[in-house]
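The structure under discussion appears below in the form of structure tokens.
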Amino acid sequence: MAGKKKETFDDRLRIHYDELKWLYMELYGNDDMFGELCEQMRWYDGQRKPALKKLDQKRKAQGEWYRKRELLGMMLYIDNFAGDIRGVSEKLSYLEQCNVNYIHLMPFLDSPKGRSDGGYAVADFRKVKPELGTMEDLARLADQCHEKGISLCMDFVMNHTSEDHEWARRARRGEGEYMSRYFFYADPLFPQEYERTVPQVFPTTAPGNFTWLPEIGHYVMTTFYPYQWDLNYRNPRVFNEMMYNFLYLANQGMDIFRIDAVPYIWKELGTNCRNLPQVHTIVRMMRMIGEIVCPGIVLLGEVVMEPREVAPYFGTVEKPECHMLYNVTTMATTWHTVATEDTRLLRKQMDTVCALPREYTFLNYLRCHDDIGWGLDYAALRNWGMEEVPHKKYLNDFFQGRTAGSVSRGELYNEDPVTGDARFCGTTASMCGVECAGFEQDEAKMEMAVRKDLMLHAYMFTQSGIPLLYSGDEVGQVNDYTYKEDPDKAADSRYIHRGKFCWDLVDQIRDPSSVQGRIFGGLEQLETIRRTEAVFDADAEVYTRDYDDTSILWIVRKAGGEEFHAVFNFSNQGRKIWMPEKANYTDLLTGKTGEIETADLDGWDFVWMKRKKV
């Protein structure tokens with residue numbers, strides 16, 4: 001019997017051609033530019049290495065490989081973790097020990113020192129920061145990762161470039177072709193009209209959405225920072241060139257593209273320039289371009305909004321957009337729950353996520369490279385007596401360790417002295433009390449801090465979607481205050497949790513009496529359970545269970561004829577919980593099976609219990 005014919009570029013182009021052309025012409029109405037796009041897609045397909053094409057075929061045959069319960073991610077800064085890209089190659093065995101098979105390399109493309117926003121102001125999309133290595137080093141790392149079954153994720157910054165990018169430099173010289181790739185206005189009327197409807201992202205660091213350039217007598221749109229110039233996607237040349245950059249990076253072996261600041265990509269006068277229909281057109285076209293040239297890659301959207309507002313970025317079953325999206329709001333609400341010991345808002349948001357189609361895949365995390373913004377559901381909180389302004393102050397005071405009983409340590413970011421609004425920075429371990437307990441040499445506090453840390457990770461692993469660790473969390477790394485000694489970093493408190501990875505801590509991970517051993521070993525156990533139990537499948541039924549104690553979060557998962565109960569105590573005080581009915585349960589942490597009616601939880605404790613469905 002003849003083997004199945006391998007799918008070709010032409011086969012995939014034929015599938016998507018009509019829709020891709022329709023969307024492109026609707027947006028740009030330019031046959032020549034669409035023809036160029038198709039020619040370039042063919043060229044990049046021809047440049048794709050046989051090993052990557054083989055991986056594409058394997059992943060397509062697997063179907064939704066990125067949703068497997070075995071997937072565990074970790075985000076890290078190359079320089080902080082291992083010095084440079086070659087250093088990461090040498091540390092892959094450690095990442096395998098961490099059970100990590102998805103590595104998010106934080107921004108590594110060339111960007112100017114001192115005004116890069118942590119690498120999100122890209123000066124060259126085809127060049128690695130010289131201090132980190134070369135594109136050849138990156139491609140070699142990708143090959144090594146693929147041999148070990150590890151996927152690589154990178155940030156693809158589509159909304160803007162650095163003012164040091166070649167396009168921006170030529171635009172600053174007054175070259176019209178390059179000025180048209182950004183938003184330039186000599187007449188202040190246009191920026192003023194935009195400002196009427198477009199809210200400011202960072203009012204304390206970048207007042208207004210435009211920057212005046214006196215040397216050429218023009219304003220340029222800079223939504224985030226003055227040195228980040230917004231790209232004009234009304235210009236088909238911008239879209240085409242950014243897609244070529246995307247395909248170039250995919251051909252270096254990148255597997256997952258985190259699309260930075262997705263909702264902001266399209267600008268329209270008279271609107272808030274957020275979530276406009278054209279954004280979805282662009283993301284849909286990007287999805288199809290990927291499926292035509294490199295069908296094994298995944299698009300991960302960064303959309304910082306409520307779950308129900310995030311959902312449209314998945315697209316539809318017939319016309320999908322992003323493969324995965326960040327579960328940003330749940331992350332912030334998790335820490336609100338830690339500070340208040342009140343799970344009601346968290347339950348409400350989890351119920352919203354659980355009500356979405358199971359095909360939707362979220363990336364879940366406790367902490368990331370960025371700050372925590374308190375963009376919570378204040379309409380709901382108000383019903384429970386929590387007003388926005390005083391509540392934000394309470395949260396910031398709590399996590400700085402300024403309220404009675406708080407063991408958290410950290411610092412504010414982007415504090416607005418007028419409104420009192422601010423965001424918060426700190427590592428997971430420091431927010432859980434590891435730093436405080438270590439400073440005070442208080443073993444009882446440390447035991448509680450480690451238990452809280454592991455409970456929060458267990459809760460993250462229980463959610464629907466893919467769990468993502470932040471490098472250092474697996475060994476309980478605390479805040480790094482040395483950033484204040486570096487003039488390029490001192491003004492940005494986010495570097496408090498972006499410190500160099502402490503390799504000395506790794507020496508302790510097999511010592512069960514050490515903090516590092518307790519956290520690393522605890523996470524290892526949770527990861528193993530998640531990897532081996534069918535109840536953690538992506539398509540499992542997931543919902544929260546009503547419970548009258550507001551400090552208790554109860555999550556149920558059902559799959560494969562089994563019912564899994566995960567119960568979390570978001571409180572300093574112990575709790576007794578009552579199971580739905582007296583029955584035989586298996587405690588997945590101890591492996592013991594027995595008839596259980598009640599269970600006792602210490603402060604910040606949890607249980608994972610499973611039973612066969614009747």
Side-chain angles (χ1 to χ4, degrees), residues 12-13 16-45 109 120 122-126 154-162 165-168 170-171 175-184 220-221 223 228-251 254 257-269 271 273-294 297 299-303 313 315 319-322:
R12 297 190 296 269
L13 179 62
H16 293 296
Y17 183 85
D18 288 344
E19 185 189 351
L20 182 59
K21 184 172 184 180
W22 174 272
L23 292 176
Y24 193 96
M25 296 303 289
E26 183 181 49
L27 209 57
Y28 298 121
N30 192 317
D31 270 311
D32 290 340
M33 290 297 291
F34 180 72
E36 179 197 291
L37 175 65
C38 291
E39 289 173 6
Q40 286 294 305
M41 285 194 292
R42 185 179 297 279
W43 187 85
Y44 280 102
D45 174 77
L109 294 177
Y120 289 96
V122 178
D124 191 334
F125 286 90
R126 302 197 179 200
M154 71 168 293
D155 292 271
F156 189 61
V157 185
M158 285 183 65
N159 180 70
H160 49 261
T161 73
S162 164
H165 191 281
E166 181 190 3
W167 295 358
R170 297 184 72 167
E175 295 185 38
E177 158 66 21
Y178 293 92
M179 291 178 75
S180 72
R181 299 185 186 189
Y182 300 94
F183 293 88
F184 275 91
V220 63
M221 183 179 280
T223 297
Q228 292 173 332
W229 292 8
D230 289 47
L231 287 167
N232 179 10
Y233 279 90
R234 290 176 171 276
N235 184 341
R237 174 55 61 196
V238 169
F239 176 80
N240 280 26
E241 293 294 338
M242 290 303 288
M243 290 304 98
Y244 306 155
N245 287 331
F246 160 57
L247 294 176
Y248 171 82
L249 292 163
N251 279 355
M254 298 298 100
F257 286 82
R258 174 191 178 275
I259 311 174
D260 183 62
V262 186
Y264 301 85
I265 292 172
W266 190 271
K267 313 298 193 297
E268 191 82 47
L269 196 64
T271 73
C273 295
R274 311 280 198 273
N275 306 307
L276 299 180
Q278 294 88 342
V279 173
H280 293 280
T281 299
I282 287 172
V283 177
R284 174 63 185 149
M285 289 197 293
M286 188 175 179
R287 171 76 176 249
M288 287 190 285
I289 290 167
E291 289 184 354
I292 293 168
V293 180
C294 40
I297 63 97
L299 301 181
L300 166 63
E302 187 224 11
V303 185
Y313 285 89
K319 298 180 179 181
E321 296 176 24
C322 292

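Here the structure is a predicted model, which means the values were calculated and not measured.
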Working for side-chain hydrogen bond (donor to acceptor under 3.5 Å, both in side chains), residues Tyr120 and Asp260 | CA-CA 8 Å; Tyr120 289 96; Asp260 183 62; 5.2 Å; no
Which residues satisfy the side-chain contact (heavy atoms from CB on, under 4.5 Å) test with Gln40, sequence neighbours excluded?
-> Glu36, Tyr44, Tyr244
Leu23 side chain near Met288 side chain, heavy-atom distance below 4.5 Å | yes
Met243 versus Met286: any side-chain heavy-atom pair under 4.5 Å?
-> yes
Can you name the side-chain contact (heavy atoms from CB on, under 4.5 Å) partners of Asn245, sequence neighbours left out?
-> Phe125, Arg126, Phe156, Met242
The reported gap from OG1 in Thr281 to OH in Tyr233 (rounded to nearest 0.5 angstrom) is 14.0 Å
Least distance between heavy atoms, Ser180 atom then Asn232 atom | O-ND2, 3.3 Å
From CA spacing to verdict: side chain to side chain contact (heavy atoms under 4.5 Å, CB included), Met285, Leu20 = CA-CA 6 Å; Met285 289 197 293; Leu20 182 59; 3.8 Å; yes
Is there a side-chain contact between Lys267 and Arg234, using heavy atoms and a 4.5 Å cut-off?
-> no
Can you see which heavy atom on Thr161 is nearest to which on Ala168, and at what distance?
-> OG1-CB, 4.4 Å
Drop me the distance from Met33's CE to Cys38's SG, to the nearest 0.5 angstrom.
-> 11.5 Å
Evaluate the side chain to side chain contact (heavy atoms under 4.5 Å, CB included) criterion for residues Phe239 and Leu37: first the C-alpha distance (whole Å), next the side-chain angles of each, then the deciding distance (0.1 Å), finally the verdict.
-> CA-CA 9 Å; Phe239 176 80; Leu37 175 65; 4.2 Å; yes
How long is the gap from NE2 on His160 to CD1 on Ile265, to the nearest 0.5 Å?
-> 10.5 Å
The residue among Leu299, Ile259, Val293 that forms side chain to side chain contact (heavy atoms under 4.5 Å, CB included) with Phe246 is Leu299
Which residues share a side chain to side chain donor-acceptor pair (under 3.5 Å) with Tyr178, sequence neighbours left out = Arg170
Where do His165 and Asp124 come nearest, in terms of heavy atoms and distance?
-> CD2-N, 4.3 Å
Output, in order, the C-alpha distance, side-chain angles, deciding distance and verdict of salt bridge (charged side-chain N to carboxylate O under 4.0 Å, His left out) for Arg284 and Glu19.
-> CA-CA 10 Å; Arg284 174 63 185 149; Glu19 185 189 351; 2.9 Å; yes
Going by distance alone, is a donor N or O of one side chain under 3.5 Å from an acceptor N or O of the other, for Asn275 and Tyr313?
-> yes
Kindly determine whether Cys294 and Leu247 satisfy side chain to side chain contact (heavy atoms under 4.5 Å, CB included), including the steps that lead there.
-> CA-CA 8 Å; Cys294 40; Leu247 294 176; 4.0 Å; yes
For Tyr24, the side chain to side chain donor-acceptor pair (under 3.5 Å) test, sequence neighbours excluded, returns Asn240
For the atom pair CE (Met158) and CG (Leu231), what is the distance rounded to the nearest 0.5 Å?
-> 8.5 Å
With a 4.0 Å cut-off, would you call Glu321 and Arg287 a salt bridge?
-> no
Check Trp167 against Tyr182 and note the closest heavy-atom contact, atom names and distance.
-> CB-OH, 3.2 Å
Looking at residues at least two apart in the chain, or sitting in another chain, which of them share a side-chain contact (heavy atoms from CB on, under 4.5 Å) with Lys21?
-> Tyr17, Met25, Asp31, Phe34
With sequence neighbours left out, what residues match Gln278 under side-chain contact (heavy atoms from CB on, under 4.5 Å)?
-> Leu27, Trp266, Glu268, Leu276
Pairwise distance NE2(His280) to NZ(Lys319) - rounded to 0.5 angstrom | 14.0 Å
Shortest non-hydrogen contact from Val279 toward Pro263 = CG2-O, 3.8 Å
Apply side chain to side chain contact (heavy atoms under 4.5 Å, CB included) to the pair Leu249 and Leu109, showing each step before the final yes or no.
-> CA-CA 10 Å; Leu249 292 163; Leu109 294 177; 4.3 Å; yes
What are the two closest heavy atoms between Ala123 and Ser162, and how far apart are they?
-> N-CB, 3.9 Å
Met154 side chain near Arg258 side chain, heavy-atom distance below 4.5 Å | no
Separation between CE (Met254) and CG (Asp155), nearest 0.5 Å, reads 11.5 Å
